[in-house]
Amino acid sequence: MSKIRVLPEQLANRIAAGEVVERPASVVKELIENSLDAGASRIEVEIEGGGTRLIRVIDNGEGMDEDDVLLCLERHGTSKIIHDSDLEAISSLGFRGEAIPSIASVSKMSITSRQQTASLGTTAVLHYGKLHKIHETGCGRGTVIEIKNLFGNTPARRKFLRTRRTELSHIDEVVKNYALAAPAVGFSLRVDNRETVHLDSSHDLARRLATILNYDGSFITINHPQPGSQLPRITGLLVPPDKHLRGSTRIKTLVNGRSVKDRILTHGVAEGLRGFLMKGHNPAGLLHIHLDATDVDVNVHPTKQEVRFRRSQDIHQLIVAAIQGGIKDYQQGLKHSFIGETVHLTTPLHAPPVETSIPQTPVKKDPYQTVPLAPVTSEPSPASSLTDRYSSPSQKKCVSPSPEPGTILSETELRGHGLTIIGQYDNLYIFCQSSEGLVIIDQHAAHERLLFEKLRKQFLKGTITRQTLLFPETVDLSGADVRKVVQYGDEIDKMGFSIREFGGNSYVISAVPALGSHITPSELFLDILGQFGSSLSEQHKGSLLDDILASMACKAAVKAGDPLSEREMEALLKNMLRADLFSHCPHGRPVLKQFSAGEIKKWFHRS
């Protein structure tokens, strides 16, 4: 007698339900996707008992006749896939035809549906996968699906559900994610007869996202490449990195209107925000990837929450470029906000789109430079500035008002930075008055960002300025450090160090980066060398090198406790105005903070 046998359909559906229906939120997700595929403009979700007692989804979509109601109960019954080739370019949210029969097999389900042009509708009632009755009924246009006693016939599955609060949080997330994916659709969520979510279709996406995140500020707009370019495109709204939201809010990611969880997307966002987001803070907002359906496979996970890209690395680079472009635009808005004048840019905000299906990451251009400031004289000497200001580690570091040769200054820059310096507090913070109120600048963080951008630009060009040591210094290295010198010699050289073997584990340092010439050469070299890992993959090489350059900039920047003259403070502010990126230090700490006149009046009850 054969040991292999075909499972009964009801048992097969229960097995499929184990993959598709993980928890009540899985049911809500599948039903909302069907409603959106049906063209609904309003979707209402009602929950009782954490989703196990009742899930009701009501939509005003195109509805179904009696034949379609019966067919949707059949396993793999779908109107969205006809030919094999349709699987190569799936544009609908649902497509397998597994959801309804799988959910029905582990619950008591009723479906009531009426087509838009029909006078009557159809109701079908099922008990754990078995059709109990079907009949004609009077009802509104669209579809209502009720799920009662979920997992009632599989108590083991119900036992593994989390607390009611946890299950409701998953349902809330599903509803909000699809409300962001379909901003033209009205959504509501009622939990135990209390409305917890109401999102009107008349509100734009930014207002809807602000409501969902409980955030009342402005967003960084992501739109790359510019409208009119070929797919793929990246659009979105990000919470500025200095606005840390409470809770575990994370970036919400969509692909062609589908809510997904994908490491490539979240890593691309984090990489784009590197140097602006503090350690331990998560990016928040919405990112939407629009690409041809043939470039993404949505059929790789039972719950369709994960996708696979045909060219994942290109998508990752595109996201990084989109985020960096949005940050750059955001910086210009900050300048106008803090300075109160229009800033004339010397470089375009966006590189022109390339003629490929996947735009490449644009090369960043940097129109400014920061250099050590010489003592204030009628004719300062560039040569003497390095010697005089960096001859001792105890001497302070400053910035020069002189721009990089070839930089075209705008009329705004020629007139000044638009801020009135009040003074320096605690030898760390620069207090300024703007047209909008009070601006406080962290001198170390501001200078650190400027130096980092200069170093990074020079490193990419291989032109970091070196300072030749009058008396070369010998340093003894450990065996591990010697291996690092051999493995990463090219990177060390590009960073401005000139070293050579002296015998055994000894090396001679004959030149260091000019910005670090005031630091003991061996101290600077060993600190940089210590940041290289024993094994450095190409994937993380860029971020590690940025961390090293940030460390160099941190050591070279003015420190807390360094008194600055008014001219030196003026020079720092003007360099900030010329910079494309200035609002955060390379480690993500904010550079400045503005308090409006209204806020200050409110403190003293003068409003």
Do Cys139 and Thr123 make a side-chain contact, defined as non-hydrogen atoms from C-beta onward lying under 4.5 Å apart? no
Between the side chains of Arg233 and Asn223, does any donor sit under 3.5 Å from an acceptor? yes
Side chain to side chain contact (heavy atoms under 4.5 Å, CB included) for Ile323 and Leu287? Distances and angles first, verdict last. CA-CA 10 Å; Ile323 300 298; Leu287 195 73; 4.1 Å; yes
Residue pair Phe219 / Leu238, side-chain heavy-atom distance below 4.5 Å: no
To check you understand the geometry: which heavy-atom pair defines the closest contact between Leu126 and Ala104, and what is its length? CD2-CB, 4.2 Å
Taking the side chain as every heavy atom from C-beta outward, state whether Val45 and Val174 have any atom pair closer than 4.5 Å. no
CA sep, side-chain torsions, deciding dist, call: Ile55, Ile145, side chain to side chain contact (heavy atoms under 4.5 Å, CB included): CA-CA 8 Å; Ile55 297 174; Ile145 298 183; over 6 Å; no
Quick check for you: to the nearest 0.5 Å, what is the distance between Leu273 atom CG and Ile220 atom CD1? 7.0 Å
Does a donor on one side chain and an acceptor on the other come within less than 3.5 Å for Ser583 and Gln331? yes
Reported CG-to-CG distance for the pair Asp172 and Leu189, which is rounded to 0.5 angstrom: 6.0 Å
Report yes or no: does Gln116 contribute a side-chain atom to a donor-acceptor pair with the main-chain N or O of Gly61 at less than 3.5 Å? yes
For Asp216, I'd like to know if atom CG has over 12 heavy atoms of other residues, nucleotides or ligands within 6.0 Å. no
Output yes when a side-chain donor or acceptor of Arg158 lies under 3.5 Å from a complementary backbone atom of Leu150, and no otherwise. yes
So, Asn60 side chain and Ser41 main chain: donor-acceptor pair closer than 3.5 Å or not? yes
Can you tell me how far apart CG (Leu254) and CD1 (Ile289) are? Round to the nearest 0.5 Å. 7.5 Å
Is the terminal nitrogen or CZ of Arg449 (NZ for Lys, CZ for Arg) located under 6.0 angstrom from the six-membered ring centre of Phe276 and within 45° of that ring's axis? yes
Please report the interatomic distance CG(Leu209) to CZ(Arg207), rounded to the nearest 0.5 Å. 13.0 Å
I'd like to check Gln305 versus Val260 (side-chain heavy atoms, cut-off strictly below 4.5 Å). Are they in contact? no
Between CG of Leu419 and CG of Leu592, what distance do you get to the nearest 0.5 Å? 9.0 Å
Do Asn256 and Leu291 touch side chain to side chain, with heavy atoms closer than 4.5 Å? yes
Where do Asp546 and Arg274 land on the side chain to side chain contact (heavy atoms under 4.5 Å, CB included) test, with the steps shown first? CA-CA 9 Å; Asp546 274 0; Arg274 182 156 47 86; 2.6 Å; yes
Distance-minimising heavy-atom pair for Asp262 and Val307: OD2-O, 3.4 Å
Heavy-atom side-chain proximity of Ile47 to Thr196 below 4.5 angstrom: no
Tell me the closest heavy-atom pair linking Cys585 and Ala445, and the distance in Å. CB-O, 3.7 Å
Taking His587's backbone N and O only, do any of them form a donor-acceptor pair with Lys279's side chain (distance below 3.5 Å, no angle check)? no
Stepwise, does the side chain to side chain contact (heavy atoms under 4.5 Å, CB included) test hold for Ile111 with Leu73? CA-CA 10 Å; Ile111 301 177; Leu73 300 174; 3.7 Å; yes
Tyr215 to Pro240 - nearest heavy-atom pair and separation: OH-CD, 3.3 Å
Hey, is the main chain of Leu93 close enough, under 3.5 Å, to the side chain of Arg258 for a donor-acceptor pair? yes
Please answer whether the main-chain N or O of Gly50 pairs with a side-chain N or O of Arg165 as donor and acceptor at a distance below 3.5 Å. no
Which ring pair (Phe, Tyr, Trp, His ring centres under 6.0 Å) pairs, counting each pair once, include a residue from residues 302-327, with sequence neighbours left out? His267-His316
Side chain to side chain contact (heavy atoms under 4.5 Å, CB included) with Asp242: which of Lys593, Arg589, His584, His281? His584
Could you check whether Glu599 pairs with Lys602 (Lys NZ or Arg NE/NH1/NH2 to Asp/Glu carboxylate O, under 4.0 Å)? no
Which pair of non-hydrogen atoms, one from Arg157 and one from Val21, has the smallest distance, and what is that distance? NH2-O, 2.6 Å
Donor-acceptor pair, side chain of Glu146 and main chain of Leu54, under 3.5 angstrom: no
Is the closest side-chain donor-acceptor distance between Ser113 and Thr122 under 3.5 Å? no
Please answer whether the main-chain N or O of Lys108 pairs with a side-chain N or O of Asn149 as donor and acceptor at a distance below 3.5 Å. no
Within the side chain of Ser259, is there an N or O that forms a donor-acceptor pair under 3.5 Å with the backbone of Tyr178? no
Regarding Arg162 and Glu167, does a basic nitrogen lie under 4.0 Å from an acidic carboxylate oxygen? no
Enter the distance from Asp292:CG to Thr294:OG1 here, rounded to the nearest 0.5 Å. 3.5 Å
Please tell me if the side chains of Ile43 and Val185 come closer than 4.5 Å, counting only heavy atoms from C-beta onward. yes
Do side-chain atoms of Arg23 reach the backbone of Ser26 as a donor and acceptor pair under 3.5 angstrom? no
Testing the basics here: between Gln332 and Ala579, what is the closest heavy-atom pair and its distance to 0.1 Å? NE2-O, 4.4 Å
Report yes if the side chains of Asp192 and Arg164 come closer than 4.5 Å at any heavy-atom pair, otherwise no. yes
